[in-house]
Trainee: 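Take this structure first; my questions come after.
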Amino acid sequence: MKLNQEELAMLNGDKGRAVQEAIKFQIEVGKFFNAERFVPITNAHVMGDIEVMGDGGLDMMTQIAEEGAKCAVPSTSNARCMHFSDEPALRPDEGEEKKERKLLIQLRKMDINTTDTCINYQTVYQPKLGEHVAWGDTGTVIYANSVFGARTNFEAGKSSFAAALTGRTPAYGFHLDEVRRGNILVNVDARMKDLADWGALGKIVGHPNQDYFAVPVFTGIDTTPPPDALKHLGASLASYGSMAMFHMVGVTPEAPSAEQAMGGQAPRSIIKVSDQDIQAIYDAYRYVDARKNIVVFSGPQQSLFEMQTLARLFEGRSVAPDMTAVITTNHAVYSDAKRLGYVDILEKAGVTLLQGVCFYILQRLTQIREENAWANLVSNSAKIVNTITAHRFNTVLRRTAACVDIACTGDLK
Amino acid sequence: MTTIVQVDRAWGPKVTGQALVMREGFSPRYDLDRVTGIISRIGHSAEGVSVKGKILVIPTSKGGVAGGWAFFDLLHKGIAPLALVFGKLNPVMVQGAVLANMPITEGWDQDLVQLLKTGDTITIDPENKRISVA
């Protein structure tokens with residue numbers, strides 16, 4: 001990799017040990033992908049909680065913070081693995097909770113805004129067309145690349161922190177023009193009625209095409225999808241397909257036409273999606289026979305508009321005995337939803353609200369499932385019904401209103 | 001007879017170990033119990049098998065940034081795999097492997113999922129972008 005004077009100084013240790021370690025790490029990753037240079041970034045979104053980084057990760061973060069290293073660009077943090085509350089059904093380990101609190105202190109020392117959100121693109125920062133960022137959550141990455149036309153790879157673990165500290169990232173993958181061209185054509189001839197339909201569409205395209213460098217181009221979408229629809233589509237494509245970018249003709253900024261989105265190349269495959277294909281996704285899920293079950297609205301965290309919809313659907317109803325309903329959102333949306341009365345309506349209906357977390361990354365989730373004897377997990381998020389499976393839930397995707405009905409009746413339909 | 005397989009990209013030290021061959025994509029978040037190191041996803045082709053000390057042979061990577069930290073964490077817990085051999089991967093796996101100083105490769109000129117079975121001894125030589133099968 002070619003390094004400029006500033007990067008050489010970092011590598012030389014002139015900006016401290018933490019920055020030196022960070023750029024060394026970035027160079028190794030860059031080498032794997034034959035990156036020729038670094039690109040400066042304007043924003044970093046770091047990903048790290050005690051559940052995934054463990055004691056080794058916490059020690060590393062503590063060392064960096066104690067050395068006094070600071071982020072070189074404005075930075076935010078992704079969703080956390082625990083909700084700091086007295087909610088008995090979802091309690092983390094006491095020891096791990098202490099560590100998570102300690103980790104948050106280290107992040108703040110490094111000037112990271114601990115927004116604890118996986119929807120930074122809806123509530124914190126919206127990069128512009130062509131802007132390079134380093135974001136560490138797949139749902140945020142695919143939204144940045146696709147909807148904003150900004151440029152980022154999946155920046156995981158130490159990678160997002162390294163980018164925050166050096167203010168740059170190796171130029172490979174979606175920072176490069178040629179990688180951003182569409183290569184799968186998707187003709188959508190289906191009425192997209194619910195956020196879950198967009199997630200189902202993501203599963204249809206993502207699951208059989210698992211490839212980070214696959215870039216689907218959606219055509220046939222004749223209405224302007226709201227941001228929440230694009231969020232569920234992106235999160236699902238990233239989850240099932242490990243994909244980091246899509247184009248939608250007439251909707252996303254690099255797709256004025258399918259030909260332009262594909263850079264004049266022919267697609268390597270063409271997929272057609274009908275109403276029946278979307279319905280077949282729902283029909284393929286099977287319930288297991290069980291008394292206690294959970295309905296989850298999470299993965300990604302709920303936007304203010306999703307909170308409003310859920311408040312409307314739950315108003316005047318209550319969560320059925322033996323059912324649990326959980327919503328997760330970030331601190332910013334929660335406080336607005338509280339002010340607007342949505343939180344009170346939802347709590348009155350018996351819904352549990354968690355702030356600053358995402359459900360599937362909760363610390364000791366397998367034990368939480370066992371303690372609560374939950375068997376089926378029903379959600380309108382195609383992403384979460386995929387990501388949570390290591391914890392041995394039986395997962396079922398349903399449309400939003402059906403999820404609320406299931407939560408309030410216990411009828412597993 | 002030794003079979004040599006060329007890979008497209010590779011990083012890390014040379015290692016020899018036993019393969020654990022998976023038929024489908026892998027994510028340490030979706031598929032692995034990171035307390036025990038055992039594949040826990042219901043229906044995964046390696047369900048119930050420990051990844052500890054194994055060279056994981058995986059056709060594709062699945063979503064999820066968890067791998068960025070997870071391999072380093074598994075290393076600290078003493079249950080990390082020895083190396084990662086992918087057909088197709090995403091950068092998370094590379095970032096996670098570099099942090100854990102774990103050899104990682106991508107692409108193969110012969111389909112290793114077909115060629116190998118779990119328990120076969122293989123050597124990963126990242127410098128020469130080569131995997132040898134004893």
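Throughout, protein chains are lettered first and strands after them, A, B, ... in sequence-line order, and every chain is numbered starting at 1.
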Trainee: With a 4.5 angstrom heavy-atom cut-off, which part of B:R34 approaches chain A: side chain, backbone, both or neither?
Mentor: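 Answer is side chain: those atoms of B:R34 sit under 4.5 Å from chain A.
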Trainee: Hey, mind stepping through A:E155 and B:Q95 against side-chain contact (heavy atoms from CB on, under 4.5 Å) and telling me if it holds?
Mentor: CA-CA 8 Å; A:E155 297 268 12; B:Q95 294 154 3; 3.9 Å; yes
Trainee: Heavy-atom cut-off 4.5 Å, strictly under: side chain, backbone, both or neither for A:F174 against chain B?
Mentor: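 Interface part for A:F174: neither.
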Trainee: Can you confirm whether more than 12 heavy atoms, excluding those of B:K52, are under 6.0 Å from its NZ atom?
Mentor: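 No, NZ of B:K52 has 12 or fewer neighbouring heavy atoms, counting only those of other groups under 6.0 Å.
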Trainee: Let's test your reading of the structure: which of A:A162, A:G173, A:G57, A:A156 forms the most heavy-atom pairs below 4.5 Å with chain B?
Mentor: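 Looking at each of A:A162, A:G173, A:G57, A:A156 in turn, A:A156 comes out on top.
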Trainee: Nearest 0.5 angstrom please: A:Y360 OH to B:R29 CZ, how far?
Mentor: 5.0 Å
Trainee: So what's closer than 4.5 Å to chain A heavy atoms on B:L89: side chain, backbone, both or neither?
Mentor: both
Trainee: Can you tell if the side chain of A:M60 reaches within under 4.5 Å of the side chain of B:F72, non-hydrogen atoms only?
Mentor: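 Yes. Closest side-chain heavy atoms under 4.5 Å.
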Trainee: Of all the heavy-atom pairs spanning B:V94 and A:V29, show the shortest one and how long it is.
Mentor: CG1-CG1, 4.3 Å
Trainee: Going from CG on B:D73 to CG on A:L58, what distance comes out if it is rounded to the nearest 0.5 angstrom?
Mentor: 11.0 Å
Trainee: At under 4.5 Å between heavy atoms, what parts of residues 125-134 of chain B are in contact with chain A? List them by residue number.
Mentor: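 Near chain A, by residue number: none.
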Trainee: For the candidates A:T389, A:I361, A:L237, A:T366, which exhibits the highest count of non-hydrogen atom pairs separated by less than 4.5 Å from chain B?
Mentor: A:T389
Trainee: Non-hydrogen atoms of chain A under 4.5 Å away: do they reach the side chain of B:L74, the backbone, both or neither?
Mentor: neither
Trainee: Please state whether the side chain, the backbone, both or neither of B:A97 comes within less than 4.5 Å of a heavy atom of chain A.
Mentor: neither
Trainee: If I take atom CD from residue B:E24 and atom NE2 from residue A:H207, how far apart are they, to the nearest 0.5 angstrom?
Mentor: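 If we round to the nearest 0.5 Å, B:E24:CD and A:H207:NE2 are 9.0 Å apart.
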Trainee: Taking only residues at least two apart or on different chains, which pairs with a member in residues 102-116 of chain B satisfy side chain to side chain donor-acceptor pair (under 3.5 Å)?
Mentor: B:R9-B:E106
Trainee: Does A:E371 CD have over 12 foreign heavy atoms under 6.0 Å away?
Mentor: yes
Trainee: Keeping to residues at least two apart or across chains, list the side chain to side chain donor-acceptor pair (under 3.5 Å) pairs with something in residues 20-34 of chain A.
Mentor: A:Q26-A:T166, A:E28-A:K31, A:E28-B:W11
Trainee: Does any non-hydrogen side-chain atom of B:V98 lie less than 4.5 Å from one of A:K158?
Mentor: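 A:K158 does not reach B:V98 side chain to side chain.
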Trainee: Looking at every heavy atom in both B:P91 and A:F33, which two are closest together, and how far apart are they?
Mentor: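 Heavy-atom minimum between the residues: CA-CZ, 3.8 Å.
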Trainee: Measure distances from B:L32 to the heavy atoms of chain A and classify the residue's part below 4.5 Å as side chain, backbone, both or neither.
Mentor: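 Contact with chain A involves the backbone of B:L32 alone.
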Trainee: Measure across A:G136 and B:V65 and return the closest heavy-atom pair with its distance rounded to 0.1 Å.
Mentor: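 Nearest pair, atom of A:G136 first, then B:V65: O-CG2, 3.7 Å.
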Trainee: For the residue pair B:M93 and A:F32, establish whether any side-chain heavy-atom pair is separated by less than 4.5 Å.
Mentor: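 The answer is no; the side chains never approach within 4.5 Å.
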Trainee: Evaluate the criterion side-chain contact (heavy atoms from CB on, under 4.5 Å) for residue pair B:D33 and A:R392; output intermediate values, then yes/no.
Mentor: CA-CA 10 Å; B:D33 182 327; A:R392 301 177 79 85; over 6 Å; no
Trainee: Could you tell me which of A:D137, A:V141, A:I388, A:N386 has the largest number of non-hydrogen atom pairs under 4.5 Å with chain B?
Mentor: A:N386
Trainee: Suppose a student defines contact as a heavy atom less than 4.5 Å from any heavy atom of chain A. Which residues in residues 37-50 of chain B would they list?
Mentor: B:S40, B:R41, B:I42, B:E47
Trainee: Quick one: are B:S61 and A:Y212 in side-chain contact, heavy atoms under 4.5 Å?
Mentor: no
Trainee: If you measure from CG on B:N90 to CG on A:D211, what distance do you get to the nearest 0.5 Å?
Mentor: 10.0 Å
